[in-house]
Undergrad: 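Take this structure first; my questions come after.
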Amino acid sequence: MTAERTDPTYRNPVLDADWSDPDVIRVGDDFYLTASSFGRVPGLPLLHSRDLVNWTLVGHALERLEPESEFTTPRHDCGVWAPSLRHHDDRFWIFWGDPDQGIFQVNAPGIRGPWTRPHLVKAGKGLIDPCPLWDDGTGEAYLVHAWAKSRSGVKNRLTGHRMHPHGTELLDEGKVIVDGDRIPGWFTLEGPKLYRHDGWFWILAPAGGVETGWQGAFRSRAFFGPYEEKVVLEQKDTDVNGPHQGGWVRTPSGEDWFLHFQQRGPYGRVVHLQPMGWDPDGWPVLGHDGAPVTEHRRPDLPPQPPAAPATDDDFPGGRHGRQWQWTANPKEGWTTQHSADGLRLTCVRSADAHDLRALPHVLTQRLPGTPCTVEVELRLDSEEPGARAGLAVLGDAYRWIGLQRGTDGTVHLVHRFAETVAERERDADHPRPAPDGRALLRVDIGAGARCRFSYDTGDGPRPSGQVFAATPWRWVGALLGLVAVAPTGQGHAGAATFTRFRISTPAYG
């Protein structure tokens, strides 16, 4: 592999996994992106690129979800919704909406932090998708947000506020500046991104729903309107459903680009890059004449080495890489640091051991959007009867394969699943002896996220169970997970050790 990519084109998606509701900015020669993280911890992922095509994960802006008491157990579709990333006054700023609490803000002097603790800018139910704007020409600051009908009873409208330039509070009660109910055919208007360009206030906002919608552009000479609108990106005759909700960014040479998501079922919301131009009337033109492109000339930026967010992990010193997130705020003692490689997960005692969806201590990462093979080596160290650990494909339905300690002290290879409507898991195949307490666990994930599980306990690889079709939650794609759990009881229940986590996929890009 060469140090720099020579291919003059790129292919979408540029981020082929669930980097939901992306927003992007440029600072100097660097591009930064953040995305929704919902109920997973740490939250607000931070990605970096030099060419808008190759991205790496450099950290997270939110160490823990607050208030702490609300996120001690999984709330998979709650938490951090649709953040906006901005750079102002030599600081990075992220605003997001928690649909149950209100609009929050964090900021930092550099993308790697240190980030402030969350500050509640506006309290209320159903306040989502906020985006700030600092008008350098006037010194004024503004904020626009959308509404979640599930919490507020209101949707399809955008509310605007004047904001204190410090970004800490709003200066008025707010006014509806775009009412989607007044635009024929428009529904579920949300996800606004606010810009100032060419003498106009611009709001780029999607409508029509995540799977079937389109991208709209709104412009006005005054922040509070009136706004005129235009559809600037839609599926047309392509296979990219619902191409919308993202951010506009300009390169140093003056090229404009738009990053947005496509909803792909169990894979979540993958990220596409669209060229952006302007028509004679001053409206943006996204993609190829308003239709998403599959392949296109690369941005006019210096060539970069191929890159993608990390997936593999040897867990050096017992530490997991930044690609992993817990399903709720973590507690001390869930992992143990040590001098060698390998992740030591404590077999946490839980009354919910029969349902992985209810466990806060599942360590997860995103399911790749392309066919792949996932492997990890597992050793069950716990002597506790009923203690178990394994590799999961986690969603509204789930399946996992791993090891369990029996009441007689023996270890068995077990394979279990739970349907969407099931309250507890059951066997997906017959338990089998694992005399050494070790196993190589494997999931082959094919087209449509159809998963085939297999294992090797020392006498060669063997398939297990039926094919499982991965499922998302309502807003979150399916996740890969590592878990260790034990029944309720007294005392420490021991641990399980995971080593050499690997995801093999076709060559990137």
Undergrad: Given side chains that start at C-beta, do those of L189 and N156 come closer than 4.5 Å, heavy atoms only?
TA: yes
Undergrad: With a 3.5 Å cut-off and no angle check, do the side chains of D51 and S49 form a donor-acceptor pair?
TA: yes
Undergrad: Can you list every side-chain hydrogen bond (donor to acceptor under 3.5 Å, both in side chains) pair that touches residues 33-46, not counting sequence neighbours?
TA: D21-S36, R40-Q325
Undergrad: Are the side chains of V121 and H119 in contact, using a 4.5 Å heavy-atom criterion?
TA: yes
Undergrad: Side chains of L33 and L85: closer than 4.5 Å at any heavy-atom pair?
TA: no
Undergrad: Checking W147 now: which residues fulfil side chain to side chain donor-acceptor pair (under 3.5 Å) with it, not counting sequence neighbours?
TA: T159
Undergrad: Answer yes or no: is there a side-chain heavy-atom contact under 4.5 Å between D18 and R269?
TA: yes
Undergrad: So do the side chains of F315 and W324 get within less than 4.5 Å of each other, counting heavy atoms only?
TA: yes
Undergrad: Can you tell which of D314, T373, D313, T311 makes a side-chain hydrogen bond (donor to acceptor under 3.5 Å, both in side chains) with R502?
TA: D314
Undergrad: Is atom CG of D289 surrounded by more than 12 heavy atoms (other residues, nucleotides or ligands) closer than 6.0 Å?
TA: no
Undergrad: Applying side chain to side chain donor-acceptor pair (under 3.5 Å), name anything that partners W248, two or more places apart in sequence or on another chain.
TA: D256
Undergrad: Kindly write out the residues that satisfy side chain to side chain donor-acceptor pair (under 3.5 Å) with T56, not counting sequence neighbours, or none if the list is empty.
TA: none
Undergrad: Which residues satisfy the salt bridge (charged side-chain N to carboxylate O under 4.0 Å, His left out) test with E66, sequence neighbours excluded?
TA: R117
Undergrad: Side chains of P275 and H288: does their closest heavy-atom pair fall under 4.5 Å?
TA: no
Undergrad: In terms of ring plane angle, is the pair F95 and W93 parallel, tilted or perpendicular, where the classes change at 30° and 60°?
TA: parallel
Undergrad: Under 3.5 Å, is there a donor-acceptor pair between the side chain of D23 and the main chain of S84?
TA: no
Undergrad: Tell me, please, which residues at least two apart from H76 pass ring-ring contact (aromatic ring centres under 6.0 Å, His included).
TA: W473
Undergrad: If you count heavy atoms of other groups shown closer than 6.0 angstrom to NZ of K236, is the number above 12?
TA: yes
Undergrad: Any side-chain heavy atom of W115 within less than 4.5 Å of one from E63?
TA: no
Undergrad: Would you please classify the geometry between the W202 ring and the W278 ring as parallel, tilted or perpendicular, with 30° and 60° separating the classes?
TA: perpendicular
Undergrad: Can you list the residues that meet the ring-ring contact (aromatic ring centres under 6.0 Å, His included) rule with F453, with sequence neighbours excluded?
TA: H415
Undergrad: Got a donor-acceptor contact below 3.5 angstrom from the R64 side chain to the P330 backbone?
TA: yes
Undergrad: Which residues satisfy the side chain to side chain donor-acceptor pair (under 3.5 Å) test with H244, sequence neighbours excluded?
TA: none
Undergrad: Would you indicate whether the side-chain heavy atoms of E377 and L440 approach each other to under 4.5 Å?
TA: yes
Undergrad: Just to verify, what does R297 make a salt bridge (charged side-chain N to carboxylate O under 4.0 Å, His left out) with, not counting sequence neighbours?
TA: E255
Undergrad: To the closest 0.5 Å, what do you measure between CG (L127) and CZ (R151)?
TA: 11.5 Å
Undergrad: I would like to know whether R500 and E375 meet salt bridge (charged side-chain N to carboxylate O under 4.0 Å, His left out); could you show each step before the answer?
TA: CA-CA 8 Å; R500 286 187 52 79; E375 289 186 332; over 6 Å; no
Undergrad: Residues in salt bridge (charged side-chain N to carboxylate O under 4.0 Å, His left out) with D279, at least two apart?
TA: K230
Undergrad: May I ask you to check if R196 and F201 form a cation-pi contact, with NZ or CZ under 6.0 angstrom from the six-membered ring centre and within 45° of the axis?
TA: yes
Undergrad: Would you mind listing every side-chain hydrogen bond (donor to acceptor under 3.5 Å, both in side chains) that reaches into residues 205-224, with sequence neighbours excluded?
TA: R219-E228
Undergrad: With sequence neighbours excluded, tell me which residues meet salt bridge (charged side-chain N to carboxylate O under 4.0 Å, His left out) with R75.
TA: E70, D100
